[in-house]
Every structure is written in structure tokens, then in C-alpha cells.
Protein chains: 2
Amino acid sequence: MDRVDEEILRLLKQNGRMTSSEISKRVHLSVPAVAERIRKLEDSGMIERFTVRLNREQTGLHLLAFIMVELERPEHIVGFRERILATDSVLECHHMAGSYDYLLKVALPGTRELEQLISQTIKQIEGVAKTNTMIVLSTMKEEM
Amino acid sequence: MDRVDEEILRLLKQNGRMTSSEISKRVHLSVPAVAERIRKLEDSGMIERFTVRLNREQTGLHLLAFIMVELERPEHIVGFRERILATDSVLECHHMAGSYDYLLKVALPGTRELEQLISQTIKQIEGVAKTNTMIVLSTMKEEM
DNA sequence: CTTGAAAGCGTTGCAGG
DNA sequence: CCTGCAACGCTTTCAAG
């Protein structure tokens with residue numbers, strides 16, 4: 001991992017389909033050298049995968065929210081975890097330090113679906129004692 | 001946007017470098033038809049960009065945190081916004097409804113850098129009245 | 001939407017430096 | 001790490017159905 005690798009990663013973040021020959025022009029390395037570096041970045045796990053970034057609005061998910069969850073006892077974690085992983089509208093789930101145990105980031109079509117998610121899914125999970133939902137009004141930055 | 005487009009997007013999310021010919025085998029469409037659909041998904045903005053997903057741990061960012069920020073008055077928004085957009089360690093910045101005005105998601109090497117970010121950057125921004133930091137212990141799901 | 005053919009481009013592998 | 005060459009695969013574009 002040197003400066004060149006970092007530059008390659010930066011370019012691939014901007015355009016995951018940038019070809020080795022295009023990259024080679026920008027980092028002043030030969031095509032085979034660039035291809036080799038990308039292969040190594042993949043093998044080492046530094047690059048988890050090539051993917052595509054979608055426009056959430058255009059996919060009909062107009063509502064973004066964060067839900068803080070308090071779990072009663074540690075024995076409920078497994079069931080909670082399973083349920084959350086199976087729920088597509090939950091984009092993120094973090095175990096937190098602090099007053100709440102989990103923080104969820106969810107994307108949904110609207111408030112109707114959010115209400116459903118909270119009352120029909122999350123609050124139905126065994127051990128969920130309390131939730132606190134924060135609605136996103138607008139997003140000025142969102143990266144990985 | 002029909003079922004086939006959705007399937008193509010699903011495949012590209014898993015592997016952004018999947019070729020049209022590979023996709024064509026899975027969705028039972030000809031190669032030119034698949035290529036045309038991908039081009040339209042890009043043109044329409046549904047696909048924002050092809051990108052790469054990196055392993056955050058391997059990039060040395062071992063600490064993930066959420067910081068809630070309260071801003072004193074609306075006139076400070078512009079300066080706040082500029083500062084935040086220029087700060088690489090801030091992955092996300094959302095304008096929120098509720099007791100806090102903004103929610104930041106930040107990734108850093110460790111607590112030292114977090115302390116610096118909070119006291120040297122965020123709290124130095126004009127108008128920032130209060131912050132509340134929540135540390136992530138572990139992440140069980142993180143998508144876009 | 002399909003197939004088929006032709007042309008162009010990028011990659012991959014192997015040489016030798 | 002480099003260059004050069006050759007082989008292969010994929011994309012793109014076109015015509016025709």
C-alpha cells in the first residue's frame with residue numbers, strides 16, 4: 001500500500017469501471033503494473049468488491065431515518081440480529097456504546113412504511129425495550 | 001424499470017464489474033439488450049456511478065462514530081456545511097428533525113483522532129452549540 | 001426484442017531488459 | 001518495474017428479422 005495504490009483506489013472509487021489502461025495514464029505506470037496492483041488489492045481484501053451506487057430517491061425510497069434501539073438483555077441479541085439482517089429496509093445496524101444498544105439506519109418509501117417497520121417488525125422482536133426514531137430531512141454528504 | 005432492470009441492478013450491486021455477457025446469461029436477454037439497459041440506467045441517473053467498496057479496517061480506520069450536532073442559528077449553516085464537506089473523515093452528514101440538527105457519521109484511526117475532530121474541527125465551527133458522540137462497538141450490517 | 005458478423009479496444013500472458 | 005507482441009474475450013455497431 002503506497003501512494004500509487006491509494007491513487008488507484010481513489011480513481012476506482014470515482015469510477016469502478018475505469019480500465020487499467022485509463023488508470024495507467026493517470027498514475028504513470030504501465031498497464032500490466034496497474035492490473036497487477038488492482039488484483040493484489042482485491043486479493044488482500046482491501047477492495048471488498050466492485051459495486052454500483054444507486055440513486056435512492058429514484059428507487060422510491062424517499063424517507064431515511066435512524067432508529068436507536070434499547071435491548072433488554074443480552075440473550076435477545078441473536079434473535080434481534082437475525083431479524084434485522086433479514087430486513088431489507090435496514091441499511092445499517094451498529095452495536096453502540098452509550099444509552100442505546102443499537103443504531104439502525106433505514107430507508108423506506110414513506111412514513112407509512114416507517115410506522116409499519118417500527119411497530120410491526122422492530123417492536124415485535126423479543127427483548128426490544130425502547131426505540132427512538134430520528135427522521136432525516138436532507139442529506140448533504142453520504143459516502144462509504 | 002421492470003423486473004429485469006431490478007435483477008440487473010441486483011447483480012451489479014454484487015459485482016460492479018460483471019460484464020454484459022455474464023449478465024445476459026442470468027437474465028435471459030441478449031448481450032446488446034443488457035448493454036442498452038445498463039446504459040439507460042446510467043443515463044436516467046438510477047445508477048449514480050460504478051464504484052468500489054473498501055475494507056475500512058484495512059484502511060486503518062478502526063473507529064466509527066456518530067456525532068449529533070446542535071447548531072445555534074440558521075445563519076451558521078453555510079459555514080458548517082462547507083467545513084463538513086471538506087472534512088474527509090466525515091462520511092455522512094444529515095440534517096435531522098428532532099432535538100439535534102445534524103447527525104454525522106465519522107470514520108477515524110482511533111480515539112485520539114476523534115478527540116481532535118470534535119475539539120479542533122467541529123466545535124470550532126461557528127454556531128455549533130452542542131455535540132453528542134456515540135461510539136460504534138461493532139457493525140453487523142452496512143450497505144448503501 | 002432477436003441473431004450474426006465485423007471492427008475496435010482492453011486484458012492477459014510471456015518474452016527479454 | 002519496463003516494453004513489445006500475440007492471443008483472447010468483450011463491447012459496440014450495424015443489418016436484417
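Chain A is the first sequence line, chain B the second, and so forth, proteins listed ahead of strands; every chain is numbered from 1. Just so it is clear, the model here is predicted, and its values are computed rather than measured.
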Practice task
Please state whether the rings of B:Phe80 and B:Tyr102 are parallel, tilted or perpendicular, taking 30° and 60° as the class boundaries.
Solution key: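 Ring orientation, 0 to 90° scale: tilted.
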Exercise for the section: Could you tell me how the ring of A:Phe66 sits relative to the ring of B:Phe66: parallel (under 30°), tilted (30 to 60°) or perpendicular (over 60°)? Expected result: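 Ring orientation, 0 to 90° scale: perpendicular.
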Problem - Minimum heavy-atom distance between A:Ala97 and B:Leu137, given as atom pair plus value - result: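 For A:Ala97 and B:Leu137, the tightest heavy-atom pair comes out as N-CG, 3.7 Å.
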Handout entry: Criterion side chain to side chain contact (heavy atoms under 4.5 Å, CB included) against A:Pro109, the qualifying member of A:Leu114, A:Leu61, A:Leu63
Key =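 Among A:Leu114, A:Leu61, A:Leu63, the one that satisfies the side chain to side chain contact (heavy atoms under 4.5 Å, CB included) with A:Pro109 is A:Leu61.
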Handout entry: Members of residues 39-48 of chain A that approach DNA chain C, where some heavy atom sits under 4.0 Å away
Key =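 Heavy-atom contacts with DNA chain C come from no residue of residues 39-48 of chain A; none.
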Handout entry: Interface residues of residues 1-16 of chain A with DNA chain C (non-hydrogen, below 4.0 angstrom)
Key =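 Per residue number, the list is empty: none.
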Problem - Range-with-range stems for DNA chain D, at least three Watson-Crick or G-U pairs under 3.5 Å - result: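 When the pairs of DNA chain D are grouped into runs of at least three, the stems are C:1-14 with D:4-17.
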Handout entry: OP1 or OP2 of C:dT11 under 4.0 Å from side-chain N/O of A:Ser20
Key =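 A:Ser20 to C:dT11 OP1/OP2: side-chain N or O found under 4.0 Å.
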Handout entry: C:dT11 phosphate, OP1 or OP2, under 4.0 Å from A:Ser21 side-chain N/O
Key =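 Result: yes.
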Problem - Test item: side-chain donor near acceptor, B:Thr139 and B:Glu142, under 3.5 Å - result: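 Result is no, nothing qualifies.
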Handout entry: In one Ile/Leu/Val/Met/Phe/Trp/Tyr side-chain cluster, 4.5 Å: B:Tyr100, B:Val136
Key =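 Hydrophobic grouping puts B:Tyr100 with B:Val136.
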Backbone of [Y] reached by a side-chain donor or acceptor of [X] within 3.5 Å:
X	Y	result
B:Lys105	B:Val90	no
B:Arg17	A:Gly16	yes
A:Glu22	A:Thr19	yes
A:Arg26	A:Glu7	no

Practice task
With a 4.0 Å heavy-atom cut-off, tell me which residues in residues 23-38 of chain A come close to DNA chain D, sorted by residue number.
Solution key: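 Listed by number, they are A:Leu29, A:Ser30, A:Ala33, A:Arg37.
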Practice task
Supply the members, apart from B:Phe50, of the Ile/Leu/Val/Met/Phe/Trp/Tyr cluster built from side-chain contacts under 4.5 Å; use none for a lone residue.
Solution key: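 Direct or chained contacts put B:Phe50 with A:Val52, A:Leu54, B:Met1, B:Val4, B:Ile8, B:Leu9, B:Leu11, B:Leu12, B:Met18, B:Ile23, B:Val27, B:Leu29, B:Val34, B:Ile38, B:Leu41, B:Met46, B:Ile47.
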Practice task
Name all pairs fulfilling the side-chain hydrogen bond (donor to acceptor under 3.5 Å, both in side chains) condition that reach into residues 28-41 of chain B, sequence neighbours left out, sorted by first residue then second.
Solution key: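 Every pair satisfying side-chain hydrogen bond (donor to acceptor under 3.5 Å, both in side chains) with a residue in residues 28-41 of chain B: B:Asp2-B:Arg37, B:Asp5-B:Arg37, B:Glu36-B:Arg39, B:Arg39-B:Asp43.
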Handout entry: Euclidean distance, A:Lys123 NZ relative to A:Gln120 CD, rounded to 0.5 Å
Key =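 The NZ atom of A:Lys123 is 12.0 Å from CD of A:Gln120, to the nearest 0.5 Å.
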